Chemist: 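Dropping the structure in here first, questions after.
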Amino acid sequence: MNRYLPVAQQHFLGALASTSVVVKLISAVVLLLYLLSWAFDTPYALGVTPGYLFPPNFWVWTLLTHGVVEEHVWGLAANVGTVMACGRLLEPLWGALELLIFFAFVNVSAGLLVGLSYLLTYAATFDLNFLFAVRVYGFASFLGGVLVALKQTMGDTTVLRVPQVRLKAAPALVLLLLAVLRLSGLLKDAAPLAAYTYGSLAGWVYLRFYQRHSRGRGDMSDHFAFASFFPEAVQPVVGLLAGLVHTALVKIKVCRKMVKRYDVGAPSSITISLPGTDPQDAERRRQLALKALNERLKRVEDQSAWPSMDDEEEDEVRTETQPLVSERDVTLTPASGASASSQNSTAGQESSIISFEDASSRS
């Protein structure tokens, strides 16, 4: 195994070197806080503790820092790997600034929602452990947001062939895995499960309603609806409930109403587009269309070239003039040819007999 470690290290450093400054900065912060966790209790100071998040303590900085805190080496590898995967797959489509905004939005929203959930649990049970014994930190919340973003951009990508698993099913499968680990007792508390769930929800809300791009804001396409995260058997029920919640949020102006746009100036039939449809979301379809177009152009080039208009006009002129010349040639009889030749010979003889001299001038 020691033989493969230098190769793995070389590939890791090469991949990290090709990323942007944002990815390098987040990875460096994660590594630094992991090293500090050997000497300090970083989950307590920088992780979300529900009892300290709200007044009178109000540790609001933990909403920004809990996503980069790790105290285990496997957590460090998973956190850095998630950030690098996001930098390789999503940053070329979004840009470094948009990636940083997405990272901050998911972590802040997930930390706030997890804190509120534990606060409500304390209000129902009056157990102080839900306020002060819980530490929310790590990569789980951002992992949920990244998987949702990958479902949006490349959901049809096959992750496993046997059994066939597409990337669009990854958010639900990871949620199911964390739930099984929690029920089996391998997870000591439900904080990672809650962080992942709220991180996925926050990522979907941001991408669905608030992300700015070239064609407006959000992505209101059907394949990215909230019901698409659930099995097909329950999608109608989930879609109905999600529609009711969305209608209520629109009335209180938290979300905007879905509006259809009609492009009547299109050269073909009327096209209907939703304001949230991002060209980045259709990258796979665009690549397929470009491939088909290139194949058609190649077939056209292989065919013989069409004659130009000038060539056709020249052919017509030759066709019209050639019969006239032939008819005149045909009308020349042998007698006429002989007379013509005799006239030419006589003219030649006369020209040889007659000479021209200068007349003498008379005085």
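Note that this is a predicted model, so its numbers are computed, not measured. Count residues from 1 along the sequence.
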Chemist: Above 12 or not: heavy atoms from other molecules or residues under 6.0 Å from CZ of Phe226?
Modeler: no

Chemist: Go through the steps for Leu25 and Val22 under the test side chain to side chain contact (heavy atoms under 4.5 Å, CB included), then give the verdict.
Modeler: CA-CA 5 Å; Leu25 178 62; Val22 174; 5.8 Å; no

Chemist: Any chance you could measure Ile26, atom CD1, to Leu31, atom CG, to the nearest 0.5 Å?
Modeler: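 That separation rounds to 14.0 Å.
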
Chemist: Indicate yes or no: at least one non-hydrogen side-chain atom of Thr153 is less than 4.5 angstrom from one of Leu89.
Modeler: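 They are not in side-chain contact.
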
Chemist: Ala170 and Tyr196: which non-hydrogen atoms are nearest, and at how many Å?
Modeler: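 Minimum heavy-atom separation between Ala170 and Tyr196: O-OH, 4.0 Å.
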
Chemist: Ignoring hydrogens and angles, tell me if any N or O in the side chain of Trp59 forms a donor-acceptor pair with the backbone of Ala45 under 3.5 Å.
Modeler: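 Not a single qualifying donor-acceptor pair exists.
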
Chemist: Rounded to the nearest 0.5 Å, what separates atom CE in Met84 from atom NZ in Lys24?
Modeler: 10.0 Å

Chemist: Is there a path of hydrophobic side-chain contacts, each under 4.5 Å between heavy atoms of I/L/V/M/F/W/Y residues, joining Leu240 to Val234?
Modeler: no

Chemist: Could you report the tightest heavy-atom contact between Leu90 and Ala149, atom names first, then the distance?
Modeler: CD1-CB, 3.6 Å

Chemist: Please examine the side chains of Tyr137 and Glu71, heavy atoms only from C-beta on, and report whether any two atoms are closer than 4.5 Å.
Modeler: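 Contact flag for Glu71/Tyr137 side chains = yes.
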
Chemist: What pair of heavy atoms forms the shortest contact from Gly47 to Thr62, and how long is it?
Modeler: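 Heavy atoms only, the tightest pair is O-CG2, 3.2 Å.
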
Chemist: In Å, rounded to the nearest 0.5 Å, how long is the span from OG1 of Thr125 to CG of Leu120?
Modeler: 10.5 Å

Chemist: Report yes or no: do Val174 and Leu186 belong to one cluster of Ile/Leu/Val/Met/Phe/Trp/Tyr joined by side chain heavy-atom distances under 4.5 Å?
Modeler: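 Result: yes, single cluster for both.
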
Chemist: Would you check if the side chain of Arg182 reaches a backbone N or O of Lys188 as a donor-acceptor pair within less than 3.5 Å?
Modeler: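 Checking the backbone N and O of Lys188 against the side chain of Arg182, a donor-acceptor pair under 3.5 Å is found.
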
Chemist: Taking the hydrophobic residues Ile, Leu, Val, Met, Phe, Trp and Tyr, and joining any pair whose side-chain heavy atoms are under 4.5 Å apart, which ones share a cluster with Phe58?
Modeler: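 For the cluster that includes Phe58, the remaining residues are Val60.
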
Chemist: According to side chain to side chain donor-acceptor pair (under 3.5 Å), does anything in residues 139-150 pair up with another residue at least two apart or in another chain? List the pairs.
Modeler: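 Those involving residues 139-150 are Asn107-Ser141.
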
Chemist: Mark yes when over 12 heavy atoms from residues, nucleotides or ligands other than Phe132 sit less than 6.0 Å from its CZ; otherwise mark no.
Modeler: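 Yes, because the 6.0 Å sphere around CZ of Phe132 holds more than 12 heavy atoms from other groups.
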
Chemist: Quick check for you: to the nearest 0.5 Å, what is the distance between His213 atom NE2 and Leu93 atom CG?
Modeler: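 One finds 12.5 Å between NE2 of His213 and CG of Leu93.
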
Chemist: First locate atom CG of Leu150, then atom CG of Leu167, and finally report the distance between them rounded to the nearest 0.5 Å.
Modeler: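 Going from the CG atom of Leu150 to the CG atom of Leu167 covers 5.0 Å.
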
Chemist: Side-chain contact test, heavy atoms from C-beta onward, threshold under 4.5 Å: evaluate it for Lys168 versus Asp156 and give yes or no.
Modeler: yes

Chemist: Using a 3.5 Å distance criterion without hydrogens, assess whether the side chain of Thr65 forms a donor-acceptor pair with backbone atoms of Leu46.
Modeler: yes

Chemist: Does Leu207 form a side chain to side chain contact (heavy atoms under 4.5 Å, CB included) with Phe102? I'd like the steps, not just the answer.
Modeler: CA-CA 9 Å; Leu207 297 174; Phe102 181 75; 4.1 Å; yes

Chemist: Would you call the rings of Phe139 and Trp74 parallel, tilted or perpendicular, taking 30° and 60° as the class edges?
Modeler: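 Ring orientation of Phe139 relative to Trp74: perpendicular.
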
Chemist: Looking at Val83 and Ser27, what are the two nearest heavy atoms and their distance?
Modeler: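 Heavy atoms of Val83 and Ser27 come nearest at CG1-OG, 4.1 Å.
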
Chemist: Should Leu32 and Val29 be regarded as members of a common hydrophobic cluster, given that ILVMFWY residues are connected when their side-chain heavy atoms come within less than 4.5 Å of each other, either directly or indirectly?
Modeler: yes

Chemist: Are any non-hydrogen side-chain atoms of Phe54 and Leu112 less than 4.5 angstrom apart?
Modeler: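 Side-chain contact under 4.5 Å: yes.
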
Chemist: Do Arg208 side-chain atoms and Gly218 backbone N/O form a donor-acceptor pair below 3.5 Å?
Modeler: no

Chemist: Going by side-chain hydrogen bond (donor to acceptor under 3.5 Å, both in side chains), name the residues that satisfy it together with Tyr198, two or more places apart in sequence or in a different chain.
Modeler: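 In terms of side-chain hydrogen bond (donor to acceptor under 3.5 Å, both in side chains), with neighbours along the sequence ignored, Tyr198 is linked to Ser117.
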
Chemist: How many angstroms lie between atom CG of Leu173 and atom CG of Leu178, to the nearest 0.5 angstrom?
Modeler: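 Those atoms lie 11.0 Å apart.
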
Chemist: Is any side-chain heavy atom of Val23 less than 4.5 Å from a side-chain heavy atom of Leu99?
Modeler: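 Side chain of Val23 against side chain of Leu99, heavy atoms only: contact under 4.5 Å found.
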
Chemist: Side chains of Asn79 and Phe142: does their closest heavy-atom pair fall under 4.5 Å?
Modeler: no

Chemist: Give the minimum heavy-atom separation between Ala140 and Ala195, together with the two atoms involved.
Modeler: CB-CB, 4.2 Å

Chemist: What do the steps show when you test Thr157 against Arg166 for side chain to side chain contact (heavy atoms under 4.5 Å, CB included), and what is the final call?
Modeler: CA-CA 6 Å; Thr157 303; Arg166 297 186 182 275; over 6 Å; no

Chemist: Evaluate His246 against Phe209 for side chain to side chain contact (heavy atoms under 4.5 Å, CB included), listing each step before the verdict.
Modeler: CA-CA 11 Å; His246 179 260; Phe209 300 104; 3.6 Å; yes

Chemist: Are Ser200 and Leu147 side-chain neighbours, meaning at least one heavy-atom pair lies under 4.5 Å?
Modeler: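 A side-chain contact is absent here, since even the closest heavy-atom pair is not under 4.5 Å.
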
Chemist: Could you see if Val69 belongs to whatever hydrophobic cluster contains Val73? Use Ile, Leu, Val, Met, Phe, Trp, Tyr and a side-chain cutoff under 4.5 Å.
Modeler: yes

Chemist: Quick one: does Asp189's side chain have a donor or acceptor within less than 3.5 Å of a partner on Ala191's backbone?
Modeler: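 Checked: pair present.
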
Chemist: Would you please classify the geometry between the Phe229 ring and the Trp204 ring as parallel, tilted or perpendicular, with 30° and 60° separating the classes?
Modeler: perpendicular

Chemist: Using the rule that two of Ile, Leu, Val, Met, Phe, Trp, Tyr join whenever any of their side-chain heavy atoms come within less than 4.5 Å, decide whether Leu241 and Phe230 are in one cluster.
Modeler: no

Chemist: Are side-chain heavy atoms of Pro50 and Tyr122 found at a separation under 4.5 Å?
Modeler: no

